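Below: the structure, in structure tokens.
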Amino acid sequence: MSKDQNTNLDDRYNPQNVEARVYAEWEKAGYFKSHDQSNKPPFSIILPPPNVTGFLHIGHALDHTIQDLLIRWKRMSGFNAMWLPGTDHAGIATQSVVEKDLKKQGITRHTLGREKFVDKIWEWKHEYGDRIYRQMRRLGDSCDWDRATFTLDEGVSRAVRKVFVTLYKKNMIYKGLKLINWSGPLETAISDLEVEHKQVKAAIYHINYPVDGTSAFLTVATTRPETMLGDTALCVHPDDERYQQYIGKTVTVPLIHRKIKVIADTYVDREYGSGVLKVTPAHDFNDYKIGKTHDLEFINILNKKTELNENAGPYQGLKVTEARKKVCEDLKALGLLIKEEPHVHSVGHCSRSGAVVEPFLSEQWFMKMDDLAGPAKRVVESGTVRFEPESWSKVYLHWMNIIEDWCISRQLWWGHRIPAWHCEACQEHTVSETDPTQCAKCGSKNIKQEDDVLDTWFSSALWPFSTMGWPDENTHSLETQKTFYPTSYLVTGHDIIFFWVARMILMGLEFKKDVPFRTVYIHGLVRDSKGQKMSKSLGNSVDPIDMIDKYGADALRFSFLAHLFSGKDLKFSEQRLEGYRNFMNKIWNAARFALTNLADFKVPAEGLKALPNAKDMSVFDQWIVTKLADVEKKVDEALEAERFSDAATALYQFIWNQFCDWYIEFTKPTITSSPATQLVMAHVLNRIVRLLHPFCPFITEEIYSKLPLKSEACIIDTYPNIRNDKEFLALGNKQIEAEIDLIKEVITAIRNIRGELRISPAVKLQLRLATNNAKAIEILKTNQTAISLLGRTENIAIGDEGNLNKCAVSQVNSTDLKVKVIIPLEGLVDFNEEVKRIQKTIEKLDKDIALLTNKLSNEKFLQNADEDVVAVDKELLLQSKEQIVLLKEALERFK
RNA sequence: AGGGAGUUAGCUCAGUUGGUAGAGCGCCACCCUUACAAGGUGGAUGUCGCAGGUUCGAAUCCUGUACUCCCUACCA
């Protein structure tokens, strides 16, 4: 790769040569550090902790890019910016990964025993626990690494215990026998939220139950016939005339010959199936409710592996699916299975193992939600916690309204073990922050800690304050909390609003008496280019690290930020990424051009404070400063409004379409001989780099380090906006902006004629610029060189229009200035091409004129529309009419 | 079933108080013009899902409708 001698920059931007080095320098200099005590205003974000043994996926990359943008922007804007990283022990996920690994060696966790198994997971954690942090560094995450926390760290564990004990003492945590969702492969309870409902093609079976003492049958319809082994009643609607006579009678459950009662409850839908419901209170959530109200027997027919147990008689030992098949066969043999129809219905699946979830009656720990939900609703209703986009607050509030007690125990070994000790003597529980040696009730020493661990989300719910040292009361902990709690933003996907966001609010309010964050920024999911969810099984997932290797972290970040629209999912496209890689290269080369031409630039003693004298500045200098002011304003407004893509797009357009396409081109002839232009170039480049930094930190820091005008480092320099950059921006000039816009349009008109008439760029065109406006003449004259250079013309005549015979003519308007661009075509082109070009324009103008005439002849429009709207239309009509006359004349001359 | 989001150029999507539709990519033509071919210049492309309504004027507001997606709940 060739290097420019003056600047030492490669002629292509090569992220591999830059990223790791720049990141190491930032870290070494301590730029990511935040301070418990500071006179700067605080700005804090807690990173949603990724799975400690996981790896960075594309969704994290998006999530982190947004957070890093906010953090870097605020850090540069004078805030004490704190981004706290962390990792999650991810109970089920991590345990199953390690179990799978052991299985390869033929070892199960049970043969290993709890202690050794947990040691194995810790080994695993030590091996892979840093991987995700390394990957975050690749992305450029500017976290305060000193504050990194793991959910099983001692401090966090103390917080978990304190919360558990406190809630237990307030009777908000209890142990009880309830029907819960059970994952067979994992042998643990899972929460409602961990159940995924999927449409499944199955069958519905119609089974006859013989009514005792008669030859009649009651027919029930069921999708899970094997559960009949646990039936303890049949239920009909009390007003259902078909079944009045059977209410109170007994029927016999086929196959196991249990006598059960026929009961009546309005819960039954008469229209559905046969109108008779079989009630299996221990294996169905609806039946559970009926079982409770009617005081039915609860017969558990499954064991922890979701195989049928001793209550299932001859079916004991079978898996659920096997039992279903066998039961059907046996019923068929007895003539009691009278119908079997295909049936599509939704079935709960364990989101971790994929297995069908079985409702299972078991002893679990629960957290009451009733008292907590109210305050958690109010903070969102009042706007103390704001969701962005706002519509998610509805989703949140709806869930708070239907919230049920949270099953917090898991039959796993990896996690926070429940701090409750069961007493063998009195059967009571001792719940304590420190390990007890005897029962708190009876004093017996025969106590044993609960085997279960807490749901991972329990510790996650405390994350905003447990990471800040709560409940420890040392100075560091207290000051951290005082400065950074509540945090400024929580950035996450909508998939964990219930799991996590809601529970952090509940816990924050209960234990910190304040919300955990002010704004919840919800972003969409990253999908593949076809809009499908990315997943390993579909083979469509994209590894962000591969993308960084290929295109650079900055390009990846920019491609996210430029297409981030208010909470919507975004489709990932490598092609688009390539486009932003090109943009990075464009920036690099613009810098390379500037630096080359600033080689002899004399850095003023005042450094960044040195301003050029307005009268030494060229019109182009003043023009670019005016455009810079526009973009600084737009970017500031967009970032404040969380419209990140607007900010990214504004920068993209300014840099590519104004700075590169025009300013650099305009200044090429004069820059090396004009100290004022050099100074402006240095200033504008410096600002471009700073403005871009939060979006693409690596390339900007690298360029910044080579700038003649700079401070210590880009990452901690000031983020420019129209308030703090007033003095420089004041050198812009709106009047001159309009003038240069006119010059741009003249050049574009010339290029347009050349392009459409296919005149080779090698041909220098003759040019006449006709206008009778003295001001316009002056502007055109002063900028002849630029027009000639960028329009590739020679012999420019300014003033009279002269003989238009065999000339291409275009009219250019900018504000009140009108110029005719005239190019003699004799000997250059086939005139037919020009005739076509003119006719095309006439057609378009005809349409416009018809539309405008129609509009302006409508009296109601003139009455109702705003004055300026009417004025603009009138002016447009006038111009169009003038132009069409001009073109028609030109057409005549070609005939 | 209930709730939410969407439908705009070939593709991905913008379009903030209603005023003659925009970007990037792709496409076509010409060009290695000394920052960049990962580039330059020019060009083509849309009944803004469909049907009504409000209005002088609707991609934008209202009603209905079709299709897509997501979430929540679930009837055995």
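Here the structure is a predicted model, which is why all the values come from computation and not from measurement. Just so we're on the same page: letters track the sequence lines, and every chain starts at 1.
Dashed line: the shortest gap from a side-chain N or O of A:K586 to OP1 or OP2 of B:G40 is under 4.0 Å. In this model, the phosphate group of B:A44 is approached by a side-chain N or O of A:K840 to a distance below 4.0 Å at OP1 or OP2. Side-chain nitrogen and oxygen atoms of A:K568 include none within less than 4.0 Å of the OP1 or OP2 phosphate oxygen of B:C69. Between A:N864 and B:G57, a side-chain N or O to OP1/OP2 separation shorter than 4.0 Å is absent. Checking the phosphate oxygens (OP1, OP2) of B:G3, no side-chain nitrogen or oxygen of A:W392 falls inside 4.0 Å. The side chain of A:K571 contributes an N or O atom lying less than 4.0 Å from OP1 or OP2 of B:C13. Within the 4.0 Å cut-off from OP1 or OP2 of B:G42, not a single side-chain nitrogen or oxygen of A:R754 is found.
Between A:W656 and A:Y652, a ring centre-to-centre spacing shorter than 6.0 Å is recorded.
If you check every strand for non-hydrogen atoms under 4.0 Å, A:F498 touches sugar and phosphate atoms only. Base engagement by A:C660 is indicated by at least one non-hydrogen atom pair under 4.0 Å involving a base atom.
A distance of about 24 Å separates the P atoms of B:A29 and B:U34, rounded to the whole Å.
Ion pairing between a basic and an acidic side chain is recognised when a charged N comes within 4.0 Å of a carboxylate O; A:K836 and A:E833 show such pairing. Between A:K744 and A:E665 there is no salt bridge, since no side-chain N of the basic residue sits under 4.0 Å from a carboxylate O of the acidic one.
As rounded to whole Å, 26 Å separates atom P of B:C70 from atom OH of A:Y396.
In this structure B:U12 sits in a base pair with B:A23, meeting the Watson-Crick or G-U test at under 3.5 Å. With a 3.5 Å ceiling on both atom-pair distances, B:U17 lacks any Watson-Crick or G-U wobble partner.
Side-chain N/O atoms of A:R758 and base N/O atoms of B:A29 include no donor-acceptor pair closer than 3.5 Å.
None of A:D231, A:T222, A:T232 except one satisfies the side-chain hydrogen bond (donor to acceptor under 3.5 Å, both in side chains) rule with A:T280; the exception is A:D231.
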